[in-house]
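Input: a single structure, listed below in structure tokens.
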Amino acid sequence: MTELTESVRLEMRDDVALVIVNNPPVNALSHHVRQGLLDGMHQAAQNEAVAVVLICDGRTFIAGADISEFGGERLGPDLPEVQDAMENCPKPVVAAIHGTALGGGLEVALCAHYRVAVESAKFGLPEVKLGLLPGAGGTQRLPRVTGVPKALQMMTSGDQIGASEALMCGLVDQVVEDLETGAIALARKAAHEGWPLTKIRDRNEKLQETESDPDLFSNFRKSIARKTRGFLAPEYNVQCVEAAISGTFEEGLAAERRLFTDLMTGSQSGAQRYYFFAERAANKIPDVPRDTPVVDVQHCGVLGAGTMGGGIAMNFANVGIAVTIVERDQESLDRGLAVVRKNYERSASRGSIAPEDVDRRMALITGSIDKNDFAGCDMVIEAVFEDMELKKTIFAELDAICRQGAVLASNTSALDVNEIASATSRPQSVIGMHFFSPANVMKMLEVVRGDKTSDTVIQTAMTIAKKIAKVPVLVGVCHGFVGNRMLFMRRIEADKMVLEGATPDQVDRVLFDFGFPMGPFAMSDLAGLDIGWKAENSKSDSVRDIMNESGRKGQKNGRGYYTYDPDTRAATPDPDVVAMIREFAVGRGIEQREVTDQEVLERCLYPMVNEGAKILEEGIAIRGSDIDVVWVNGYGWPMYRGGPMYWADEVGLTEVVASIKDYGERLGGAHWKLSPLLERLATEGGSLH
Ligand code: 3H9
């Protein structure tokens with residue numbers, strides 16, 4: 001055995017050389033890995049071996065370039081140097097893949113002459129998720145193996161494919177049971193039988209297949225336009241594949257390098273790479289050690305089979321956890337379960353789950369109208385109306401029914417978790433788990449720790465959240481927690497601006513152009529303007545009152561801030577609404593003026609930044625990046641702008657502070673009162689993220 005570098009070693013298995021990477025946690029291509037691979041290839045080319053196998057220790061094959069090295073000093077050999085050594089090795093080189101071969105890792109594997117994998121292996125080029133493109137020949141080699149349509153899809157989505165699919169599309173040559181044994185056997189056979197040492201760069205036949213479809217690229221662009229709006233990287237990935245078709249391999253590589261550098265030095269990738277680490281940092285809770293024991297959640301209870309409760313139940317059934325869902329009466333229960341089944345059937349008809357999964361998952365969900373059926377549950381999540389008295393009554397009941405040690409969670413989106421916990425004899429077991437709607441789709445989960453919530457309960461909620469594929473962020477108790485508390489601030493200003501002369505359509509358009517999927521007024525229409533509104537209490541003293549009084553309920557009846565086409569649901573700004581708002585504002589003596597788009601943007605976003613800073617100084621969020629994770633995942637803040645805290649730092653805190661002071665003096669309102677933390681950071685040159 002030869003230690004080549006701190007993370008790569010060379011071992012012989014009779015006449016086959018193994019180059020073994022050991023760089024936990026994910027065998028990223030740090031400089032010492034690149035150096036070790038280069039040395040390993042050179043040594044194996046010259047020693048007595050007849051073939052070389054590249055294999056990794058630990059949980060995965062190489063999962064990509066070392067992202068933490070980006071933007072830093074360049075150390076060690078470049079990846080293409082390593083790849084050249086592999087492709088030009090005079091002996092067969094076999095990549096042996098388990099776990100995930102991602103990004104630069106897959107690009108390395110594509111330079112081996114052959115690839116074997118275990119059944120559970122996954123393959124992908126996820127660079128697009130970091131605002132990048134595969135920068136080590138992946139954009140040129142992948143389409144030569146899989147064909148252009150598959151490569152385009154993989155590169156622009158960043159999604160992974162499994163070993164069976166990889167085998168079918170030619171990405172791997174063999175799926176084996178025992179990786180090392182299988183890879184060595186193939187390598188030896190290739191050497192002894194004199195198999196060709198084909199380089200993927202020389203294979204053009206799959207590229208030529210595109211000649212029969214001149215509209216391939218334009219159709220593909222159309223198909224991803226909606227999903228990728230605002231992002232640069234997907235389009236740059238497409239351009240690289242176009243370059244693969246239109247020129248030689250070297251010309252394609254040159255285009256890839258140029259576009260990669262553009263992305264790497266641009267603001268979008270900077271924000272997306274920041275976000276990658278932000279999401280992982282959110283898992284780290286300074287005062288709750290990672291090895292804190294957790295409750296083994298094998299059976300989860302959900303109270304309420306409405307939209308929220310049903311969606312929450314699905315998350316657990318999706319990963320094989322049994323669920324008991326309790327409703328008030330049989331009719332509501334049946335209705336709720338029917339919606340869950342319909343959701344699963346829709347997923348099956350779209351192909352996102354197997355047809356047999358519908359019954360399999362439904363079988364895990366047991367309906368009941370008796371809360372006593374929660375007695376055996378390890379965790380119960382309450383998902384009823386946002387009414388404190390109701391929640392307290394329910395938690396007192398759960399306290400009497402549930403076994404000691406069970407986690408008692410509330411899906412409240414704003415209420416005081418400490419007060420809810422006070423209704424029980426075990427506040428240490430109570431926690432908030434704020435799912436976002438639709439709960440089976442949205443990844444965000446605010447985990448709300450009460451004053452007395454135990455470490456075990458916090459760690460259990462964070463762990464189970466990951467298991468059900470959510471992105472959890474731990475927050476403290478305050479009205480609206482992190483997400484909604486900041487959203488409230490945006491809403492105050494949006495409502496004020498339409499009274500001063502902006503239109504709902506203008507406010508929404510400015511935020512849409514910024515990158516949000518929709519603005520506050522379109523969002524209200526979607527949620528329903530009549531939520532929480534009661535005709536008997538309505539006194540025509542807010543825009544919401546007059547909208548409801550004139551029968552505008554939002555999308556549900558086709559009339560809200562916009563009018564909606566009954567067939568397509570397309571929204572059209574409604575001049576009657578604008579006239580109604582004007583009349584209301586003038587009647588209240590509000591002076592009408594033109595509000596610029598810039599003002600709309602600043603007045604929507606700066607109060608959120610200010611509130612975020614207050615949330616930080618109060619310790620409601622552990623770190624600024626946690627706030628960004630909540631906003632990107634829960635509210636559609638464009639990932640290529642990092643999140644509100646990151647964005648404010650990019651704008652410049654001095655400028656943000658000056659604007660907040662200026663608006664505060666002109667407009668008044670507690671939400672404009674400057675956060676002392678924000679002011680201090682601006683003065684000291686600090687940063688919110
Ligand atoms: C690229 O390859 C560019 C090339 O085309 C061009 C080159 C010229 N680097 O996610 P986890 C850390 S771009 C550094 O919690 P999981 C991560 O921060 C790259 N660190 O585990 C975390 O650290 P900590 C293309 C990395 O099991 C720990 O590993 N590749 C990297 O849930 C565990 O991560 C990608 O984009 C990295 N590349 O998921 C793949 N990856 O414990 C990105 C992870 O201190 N990675 N870390 O918080 C992933 O998608 C997931 O990490 C993976 C494992 C699926 C691999």
Listed pairs under 3.5 Å, donor-acceptor, residues 423-432 side chains, sequence neighbours left out:
unit_1 : atom_1 : unit_2 : atom_2 : d
Thr424 : OG1    : Ala421 : O      : 2.8
Thr424 : OG1    : Arg426 : N      : 3.1
Ser425 : OG     : Asp399 : OD1    : 3.2
Ser425 : OG     : Asp399 : OD2    : 2.9
Arg426 : NE     : Asp399 : OD1    : 2.8
Arg426 : NH1    : Arg403 : O      : 2.9
Arg426 : NH2    : Asp399 : O      : 2.8
Arg426 : NH2    : Cys402 : O      : 2.6

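The shortest side-chain heavy-atom distance between Met608 and Trp631 falls under the 4.5 Å cut-off.
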> Stepwise, does the side-chain contact (heavy atoms from CB on, under 4.5 Å) test hold for Ile394 with Leu390?
Replying inline: CA-CA 6 Å; Ile394 286 169; Leu390 176 64; 4.0 Å; yes
>> For Asp495 and Arg491: C-alpha separation, side-chain torsions, deciding distance, then whether salt bridge (charged side-chain N to carboxylate O under 4.0 Å, His left out) applies.
In response: CA-CA 6 Å; Asp495 284 342; Arg491 186 76 215 196; 3.1 Å; yes
> Would Arg641 and Glu650 count as a salt bridge (charged side-chain N to carboxylate O under 4.0 Å, His left out) if you check the C-alpha gap in whole Å, the side-chain angles of each, and the deciding distance to 0.1 Å?
Replying inline: CA-CA 9 Å; Arg641 295 190 199 273; Glu650 291 285 291; over 6 Å; no
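Checking Trp533 against Glu549 by side-chain atom types alone, no donor-acceptor pair falls below 3.5 Å. Checked by atom type, the side-chain pair Asp649/Tyr274 shows no donor-acceptor distance below 3.5 Å.
Asp416 is linked by a salt bridge (Lys or Arg N to Asp or Glu O under 4.0 Å) to nothing, counting only residues two or more places apart in sequence or in another chain. With sequence neighbours excluded, no residue satisfies salt bridge (Lys or Arg N to Asp or Glu O under 4.0 Å) with Arg559. Applying the salt bridge (Lys or Arg N to Asp or Glu O under 4.0 Å) criterion to Asp530, with sequence neighbours excluded, gives Lys556. Residues satisfying the side-chain contact (heavy atoms from CB on, under 4.5 Å) criterion with Arg290, sequence neighbours excluded, are Asn283, Lys284. The ring pair (Phe, Tyr, Trp, His ring centres under 6.0 Å) search around Tyr640 returns Phe231, not counting sequence neighbours. Take Asp287 and apply the side-chain contact (heavy atoms from CB on, under 4.5 Å) test, not counting sequence neighbours, and it matches Ile285, Arg449. Residues satisfying the salt bridge (Lys or Arg N to Asp or Glu O under 4.0 Å) criterion with Glu684, sequence neighbours excluded, are Arg680. In this structure Ser413 satisfies the side-chain hydrogen bond (donor to acceptor under 3.5 Å, both in side chains) test together with Glu386, sequence neighbours excluded.
The six-membered or imidazole ring of Phe488 lies away from that of His671, with a centre-to-centre distance of 6.0 Å or more.
A cation-pi arrangement is not found for Arg544 relative to Tyr561, the charged atom failing to lie both closer than 6.0 Å to the ring centre and inside a 45° cone about the ring normal.
Residue pairs that meet the side chain to side chain donor-acceptor pair (under 3.5 Å) test with at least one member in residues 606-616, sequence neighbours left out, are Arg485-Glu611. Judged as a side chain to side chain donor-acceptor pair (under 3.5 Å), the pairs with a partner in residues 453-472 (not counting sequence neighbours) are, in order, Asn315-Lys470. Annotation: side chain to side chain donor-acceptor pair (under 3.5 Å) contacts involving residues 497-522, sequence neighbours excluded, comprise Glu500-Arg593, Glu500-Arg603, Gln506-Asp597, Asp508-Tyr562, Arg509-Asp597.
Ion pair Arg552/Asp574 flagged as a salt bridge, since at least one NZ, NE, NH1 or NH2 atom sits closer than 4.0 Å to an Asp/Glu carboxylate oxygen. One finds a salt bridge joining Glu679 and Lys661 here, because a Lys/Arg side-chain nitrogen approaches an Asp/Glu carboxylate oxygen to under 4.0 Å. Salt bridge annotation for Arg569-Asp565: absent, with no cationic side-chain nitrogen under 4.0 angstrom from a carboxylate oxygen.
The structure places CD of Glu235 at 9.0 Å from CG of Leu259, a figure rounded to the nearest 0.5 Å.
Under a 3.5 Å cut-off, the side chain of Tyr635 and the backbone N or O of Asn484 do form a donor-acceptor pair.
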